[in-house]
Amino acid sequence: MCETIRIRDAKEHIGQKVRLRGWLRNKRSGKNLHFLIVRDGSGELQCVAAEDSLPVETMELCDRMGIETSLEVCGELNADDRAPGGVELQVTQIDLLQLVADYPITKKEHGTEFLMENRHLWLRSSKQIAIMRVRDMVEKAWADFFYDRGFVRVDTPIFTPNAVEGTTTLFDVDYHGEKAFLSQTGQLYNEATAAALGRVYCFGPTFRAEKSKTRRHLLEFWMLEMEAVFFDHEDNMRFQEELILDTIRAVLKNCTAELEILGRDTAKLEAAKAPFPRMHYRDAVKLINDKMPGREEEFEYGSDFGAPEETFLGEQFERPVFITNFPAHTKAFYMKRDPDDPETVLASDLLGPEGYGELIGGSQREDDLEVILERVREFKLPEEAFQWYFDLRRFGSVPHSGFGIGLERTLTWLCGVPHIRETIAFPRMLHHMYP
RNA sequence: UCCGCGGUAGCUCAACUGGCAGAGCGGCUGGCUGUUAACCAGUAGGUUGGGGGUUCAAGUCCCUCCCGCGGAGCCA
């Protein structure tokens with residue numbers, strides 16, 4: 001009986017007899033020789049089944065095994081330059097778990113529709129595995145980043161009674177006879193816990209019922225939102241910058257193999273250096289009107305940027321760019337007005353380069369009760385529902401800021417994948433909930 | 001919701017102005033002792049998304065519905 005190992009550790013066992021357990025990823029066969037590419041979740045390894053060292057039945061079995069056959073393989077690990085990765089296993093025994101002959105995903109190209117219908121199987125392919133690993137790394141990097149800076153993770157509710165930014169974009173559910181919504185942000189709750197703990201963040205799924213159907217949208221996506229007391233607008237942006245740089249650092253350091261599989265040009269990620277440019281909304285509008293190609297109508301001051309504008313702005317720099325000071329009426333009620341420019345708010349959107357769109361949205365929060373009441377009325381929001389929130393301005397209001405960063409958008413950029421749907425195992429999209 | 005593109009073999013696609021529905025991959029059979037999406041030969045595989053219409057004749061033209069993709073608005 002030989003030691004069972006995981007493929008990622010294969011190099012440490014060269015010269016030894018070992019057992020692998022996993023799936024047949026691919027097979028290349030000769031009459032007296034089979035190259036079995038076996039994967040076990042930790043990696044993949046070429047296993048060589050040669051006629052002169054195996055019984056006839058085993059060779060016949062190799063003939064019949066199709067892709068994704070589950071099996072256990074024993075043999076000796078050898079260094080060999082001809083093998084992908086430089087290591088291969090000389091097979092001495094194969095124990096079949098399940099023979100598969102008709103795995104639907106083949107080695108040739110497939111269309112999006114087919115792959116999405118087979119998402120549960122598509123996840124086994126190398127690019128998808130790489131993306132899931134990068135995702136895991138980013139989640140860990142974020143947790144470490146906030147922990148190291150004295151933040152406390154406090155998760156916020158998913159059922160919420162009221163809408164922060166208008167009800168049209170929320171999924172509603174029956175909360176035992178009462179109407180509830182699936183959360184769109186944990187921001188207001190973060191402000192409450194920040195007043196208790198100083199620096200907090202939440203991380204979880206968030207839901208948008210918008211009928212958006214683009215490469216940047218999901219109906220269910222994961223967002224990390226942080227809130228910190230005594231952070232002003234500038235502190236907030238510097239902190240976002242630090243988070244992005246740290247995330248890139250972690251991924252470049254720990255996901256080299258994954259980025260390679262994804263064909264990601266890492267120079268593009270390395271180019272993201274501090275400081276990220278800051279551009280006033282007013283200047284962004286001017287830039288769009290002066291330089292944006294193919295524009296026929298004048299972009300009107302006071303409008304919100306659409307996807308083409310965001311893409312254009314993001315492409316002007318090799319690093320992410322902050323757009324600041326949006327006109328107050330285009331942004332949420334809780335954002336603080338800029339004392340030096342009261343028509344605008346102390347908010348920022350961080351746009352990714354290469355046209356990946358908005359990664360982060362953040363702002364300093366309004367801390368004056370009177371002003372915030374005025375804004376709630378201006379936005380025609382139900383005052384009663386926000387009484388608890390107003391209490392935060394009644395009992396020891398302090399300056400504070402925060403932001404939200406979308407995990408899948410960030411991953412789309414880091415991995416350089418064309419569509420956000422690949423950055424989450426089971427994407428929830430417009431009219432798409434299977435599997 | 002709106003705009004654009006598409007739906008043909010298990011998969012990816014082809015079929016000029018309407019005129020016998022095809023290829024590659026995958027499957028199966030056979031060949032090959034070092035393959036790298038292995039290769040070579042053979043073979044099976046079809047209600048051309050559904051319904052209706054025009055025509056001697058429809059994958060192709062018209063109407064309609066369904067589904068998918070890309071995008072807009074909105075947003076992370």
In this structure, how many angstroms lie between the [atom2] atom of [N] and the [atom1] atom of [X], rounded?
X: A:Glu309; N: B:rG73; atom1: CD; atom2: C1'; answer: 11 Å
X: A:Lys211; N: B:rC75; atom1: NZ; atom2: C1'; answer: 16 Å
X: A:Leu430; N: B:rA72; atom1: CG; atom2: P; answer: 14 Å
X: A:Ile37; N: B:rA37; atom1: CD1; atom2: P; answer: 10 Å
X: A:His432; N: B:rC67; atom1: NE2; atom2: C1'; answer: 12 Å
X: A:Gln46; N: B:rA37; atom1: CD; atom2: C1'; answer: 14 Å
X: A:Glu51; N: B:rG34; atom1: CD; atom2: C1'; answer: 15 Å
X: A:Ile105; N: B:rG10; atom1: CD1; atom2: P; answer: 17 Å

Under 30°, 30 to 60°, or over 60°: which ring-plane class applies to A:Phe239 and A:Phe403, parallel, tilted or perpendicular?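 A:Phe239 vs A:Phe403 ring planes: tilted.
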Please state whether the rings of A:Phe305 and A:Phe326 are parallel, tilted or perpendicular, taking 30° and 60° as the class boundaries.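 Answer is perpendicular, since the angle exceeds 60°.
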Nearest to the side chain of A:Glu113, heavy atoms from C-beta on, is which of B:rG68, B:rC69, B:rU35?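 Minimum distance to the A:Glu113 side chain belongs to B:rG68.
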Looking at B:rG34, B:rA72, B:rC75, which one has an atom nearest to any side-chain atom of A:Phe35?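 It is B:rG34.
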With heavy atoms under 4.0 Å as the rule, sort [X] into base, sugar-phosphate or nothing.
X: A:Gly306; value: sugar-phosphate
X: A:Leu359; value: sugar-phosphate
X: A:Arg421; value: sugar-phosphate
X: A:Pro104; value: nothing
X: A:Phe114; value: sugar-phosphate
X: A:Glu310; value: base
X: A:Asp80; value: base

Here's a test of your reading of the structure: between A:Ala307 and A:Asp81, which maps to the more 5' nucleotide of RNA chain B?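 The 5'-side residue here is A:Asp81.
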Where each residue is assigned the nucleotide of RNA chain B containing its nearest heavy atom, which of A:Met429 and A:Leu218 is assigned the position nearer the 5′ end?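 The residue closer to the strand's 5' end, by nearest nucleotide, is A:Met429.
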Does atom CD (A:Glu343) have a neighbourhood of more than 12 heavy atoms from anything else shown, all under 6.0 Å?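 Check fails, neighbour count at 12 or below.
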Above 12 or not: heavy atoms from other molecules or residues under 6.0 Å from CZ of A:Phe159?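 Incorrect, the count does not exceed 12.
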For A:Leu346, does its backbone N or O pair with a side-chain atom of A:His233 as donor and acceptor, under 3.5 Å?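 Pair found, side chain donor or acceptor close to backbone of A:Leu346.
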Determine whether a donor-acceptor pair (N or O, by modelled atom type, separation under 3.5 Å) exists between the side chain of A:Lys27 and the backbone of A:Cys62.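 Flag set: sc A:Lys27 to bb A:Cys62 pair under 3.5 Å.
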According to ring-ring contact (aromatic ring centres under 6.0 Å, His included), does anything in residues 42-69 of chain A pair up with another residue at least two apart or in another chain? List the pairs.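 Applying ring-ring contact (aromatic ring centres under 6.0 Å, His included) to every pair that reaches into residues 42-69 of chain A, excluding sequence neighbours, yields nothing.
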How would you list all residue pairs meeting ring-ring contact (aromatic ring centres under 6.0 Å, His included) that involve residues 64-122 of chain A, not counting sequence neighbours?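 Counting only pairs at least two positions apart or across chains, the ring-ring contact (aromatic ring centres under 6.0 Å, His included) contacts touching residues 64-122 of chain A are A:His110-A:Phe114.
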Answer with yes or no whether [X] presents, from its side chain, a donor or acceptor under 3.5 Å of a partner atom in the base of [N].
X: A:His217; N: B:rC75; answer: yes
X: A:Glu88; N: B:rG34; answer: yes
X: A:Arg409; N: B:rC75; answer: yes

Please measure how far the [atom1] atom in [N] lies from the corresponding atom in [M], and state the result in whole Å.
N: B:rG27; M: B:rG10; atom1: C1'; answer: 9 Å
N: B:rA21; M: B:rC25; atom1: P; answer: 24 Å
N: B:rC11; M: B:rG68; atom1: P; answer: 16 Å
N: B:rG51; M: B:rG73; atom1: C1'; answer: 34 Å
N: B:rG59; M: B:rA15; atom1: C1'; answer: 9 Å
N: B:rA57; M: B:rG19; atom1: P; answer: 14 Å
N: B:rU47; M: B:rA41; atom1: P; answer: 29 Å
N: B:rU1; M: B:rU60; atom1: P; answer: 27 Å

Would you list the protein and nucleotides 25-32 of chain B atom pairs, both N or O, that sit under 3.5 Å from each other?
residue : atom : partner : partner atom : Å
B:rC32  : OP2  : A:Lys31 : NZ           : 3.3

B:rA76 base stacked by A:Phe221 (centroids within less than 5.5 Å, tilt under 30°):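 Yes; centroid distance and tilt both under limits.
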Taking it one step at a time, do A:Arg375 and A:Glu366 satisfy salt bridge (Lys or Arg N to Asp or Glu O under 4.0 Å)? CA-CA 10 Å; A:Arg375 299 226 67 204; A:Glu366 181 53 67; over 6 Å; no
Any side-chain N or O of A:His34 less than 4.0 Å from the OP1 or OP2 oxygen of B:rG34?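 Answer no for this pair, as no side-chain N or O of A:His34 is under 4.0 Å from OP1 or OP2.
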For B:rU33 and A:Arg28 - does any side-chain N or O of the residue sit under 4.0 Å from the phosphate oxygens OP1/OP2?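 False: A:Arg28 side-chain N/O out of range (4.0 Å or more) of B:rU33 OP1/OP2.
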Nucleotide pairing, RNA chain B (Watson-Crick or G-U, distances under 3.5 Å), in dot-bracket with [ ] and |: (((((((..((((.....[..)))).(((((.......))))).....(((((..]....))))))))))))....
Can you list the residues that meet the side chain to side chain contact (heavy atoms under 4.5 Å, CB included) rule with A:Lys17, with sequence neighbours excluded?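 Partners of A:Lys17 by the side chain to side chain contact (heavy atoms under 4.5 Å, CB included) criterion, ordered by chain and then number, come out as A:Cys2, A:Thr92.
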For A:Glu270, give me all partners under side chain to side chain contact (heavy atoms under 4.5 Å, CB included), at least two apart in sequence or on another chain.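 If we apply the side chain to side chain contact (heavy atoms under 4.5 Å, CB included) test to A:Glu270, skipping adjacent residues, the hits are A:Leu252, A:Thr266.
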A:Glu408 side, atom CD; A:Leu218 side, atom CG - distance, nearest 0.5 Å: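 Here the interatomic distance stands at 5.5 Å.
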